[in-house]
Asker: 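Quick one: this structure, given as structure tokens, is what I'll be asking you about.
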Number of protein chains: 2
Amino acid sequence: MADTALPAPGRQRVLDAAAERLVQQGYAATTLRQLAADAGIKAGSVYHHFASKEELFIAVFNRGIEVMVEAFDSVEVADPLERLGAHVRAHLGALFEHGSYTAAHVTAFFTAPPEVRAEVVPQRDEYEHRWNDLLADVFPDLPAGRRPLTRLLLFGSMNTTIEWFHLSGSLTLDDLAAIITSQFIDGIHASHLIRSAR
Amino acid sequence: MADTALPAPGRQRVLDAAAERLVQQGYAATTLRQLAADAGIKAGSVYHHFASKEELFIAVFNRGIEVMVEAFDSVEVADPLERLGAHVRAHLGALFEHGSYTAAHVTAFFTAPPEVRAEVVPQRDEYEHRWNDLLADVFPDLPAGRRPLTRLLLFGSMNTTIEWFHLSGSLTLDDLAAIITSQFIDGIHASHLIRSAR
DNA sequence: GTCTATAGGGAGATAGAC
DNA sequence: GTCTATCTCCCTATAGAC
């Protein structure tokens with residue numbers, strides 16, 4: 001494992017800048033000149049690290065999935081329902097607590113050109129597969145054919161939190177994860193009892 | 001009410017094209033030249049209808065909300081829980097069955113420049129307010145302070161369907177609305193029984 | 001209401017010096 | 001690994017003819 005201490009290399013600074021710009025501006029509006037300026041280099045120097053704008057953003061999107069996968073795989077909880085809650089918390093953690101890569105992926109992936117998306121699909125599939133397996137494990141009664149749809153609805157709630165949730169607010173990420181998990185498992189009637197029940 | 005029959009005026013064709021391009025490409029990647037070509041006119045002529053690119057897209061985003069509001073207000077159901085389901089169905093209808101304006105709003109709003117977003121916020125608030133009132137009506141036990149969060153989680157599930165749902169698939173919009181409604185009210189255990197229960 | 005022509009700026013990408 | 005300089009292309013927007 002490389003010693004990535006103190007002064008981040010140019011390539012890394014460009015990637016970090018790209019992730020943040022993606023979240024705020026989307027794919028097309030983010031220019032290599034901006035990224036270079038953010039990273040403290042000139043536009044032409046970006047091409048020493050990446051062959052094209054597309055290759056650069058493929059790296060960002062893939063890193064965004066890596067962060068999600070690492071968060072997912074770090075969960076070790078025995079009880080099925082508790083494990084589900086831990087994975088929801090881990091997914092939200094990837095979105096808000098481990099840099100901008102996952103947030104960039106979730107917000108900008110669908111606005112990226114088809115060639116870029118195609119290079120990222122395999123890694124996306126891998127993450128989705130993990131969740132399908134988790135659902136199969138936690139909800140044995142859920143038909144296999146319904147797992148993708150169920151996952152998509154849960155992802156929809158989790159991923160759109162980046163449009164409105166802020167770590168600086170009064171609602172903590174633990175609270176949010178607990179509410180989403182409860183809402184997902186038992187519906188609205190149960191989810192709003194969470195805070196008072198503790 | 002204007003007689004908008006057969007040949008759509010230039011302005012209308014430009015707006016239609018903008019809504020579709022927004023869904024597929026996002027804000028920054030959509031150029032006035034494309035819209036003009038789609039509408040069968042030249043780029044310079046766009047400025048006869050709109051003062052700027054921003055003004056054009058403000059019109060698209062606002063129309064997207066109008067479609068949602070019209071769908072919402074068309075619901076007339078007495079039973080509270082059934083009414084909620086009807087509103088979910090109406091929201092999905094606005095996304096998939098009444099042109100591309102609502103889909104454009106939902107996908108591209110957050111990638112639009114701040115000046116554009118600011119002009120659309122009041123109409124967005126109006127729609128969100130309708131939903132908060134609906135939640136208050138259907139779920140009297142839900143604390144008022146929890147309505148926005150509850151609404152946001154439901155919107156997350158509904159709005160991200162545009163990333164994967166297609167009218168041409170085997171799952172109908174009625175089915176999808178029923179599943180989302182059931183999942184929202186009673187959680188996962190109830191939602192996957194819907195199809196077999198009919 | 002649409003056209004042509006064009007101004008002025010900024011985009012992605014390349015070449016070669018240091 | 002970064003720089004400067006530059007090519008080519010396309011963008012938004014404007015002016016004025018029809």
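Labels below follow one simple rule: chain letters A, B, ... track the order of the sequence lines, proteins then strands, and each chain is numbered from 1.
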Asker: Once you round it to whole Å, what is the distance between P of D/dC7 and OH of A/Tyr47?
Answerer: 17 Å
Asker: Between C/dA13, C/dT2, D/dT2, spot the one nearest the side chain of B/Ser45, thanks.
Answerer: C/dT2
Asker: Does either side chain, that of B/Arg11 or that of B/His48, offer a donor lying less than 3.5 Å from an acceptor on the other one?
Answerer: no
Asker: Does A/Lys42 reach a base, just sugar-phosphate, or nothing at all? Heavy atoms under 4.0 Å.
Answerer: base
Asker: For the side chain of A/Arg33 and the base of C/dG12, is some donor closer than 3.5 Å to an acceptor across the two?
Answerer: yes
Asker: Which value, rounded to the nearest 0.5 Å, describes the distance between A/Leu173 atom CG and A/Leu95 atom CG?
Answerer: 8.5 Å
Asker: A/Ile41 has a side chain; which of D/dG1, D/dC3, D/dA13 sits nearest to it?
Answerer: D/dC3
Asker: Calculate the interatomic distance between A/Asp38 atom CG and D/dT2 atom C1'; express it in whole Å.
Answerer: 17 Å
Asker: Does one side chain, of B/Asp16 or B/Gln12, offer a donor that lies under 3.5 Å from an acceptor on the other?
Answerer: yes
Asker: Are the side chain of B/Thr102 and the backbone of B/Gly64 linked by a donor-acceptor contact shorter than 3.5 Å?
Answerer: yes
Asker: Looking at D/dA13, D/dT2, C/dG12, which one has an atom nearest to any side-chain atom of A/Lys53?
Answerer: C/dG12
Asker: Distance check needed: D/dT14 P versus B/Leu32 CG, whole Å only.
Answerer: 11 Å
Asker: Whole angstroms only, please: what is the NE2-C1' distance between B/His49 and C/dT2?
Answerer: 8 Å
Asker: What is the distance, to the nearest angstrom, from the NE2 atom on A/His48 to the C1' atom on C/dG16?
Answerer: 15 Å
Asker: Expressed as a whole number of angstroms, how long is the span from A/Leu35:CG to C/dG10:C1'?
Answerer: 15 Å
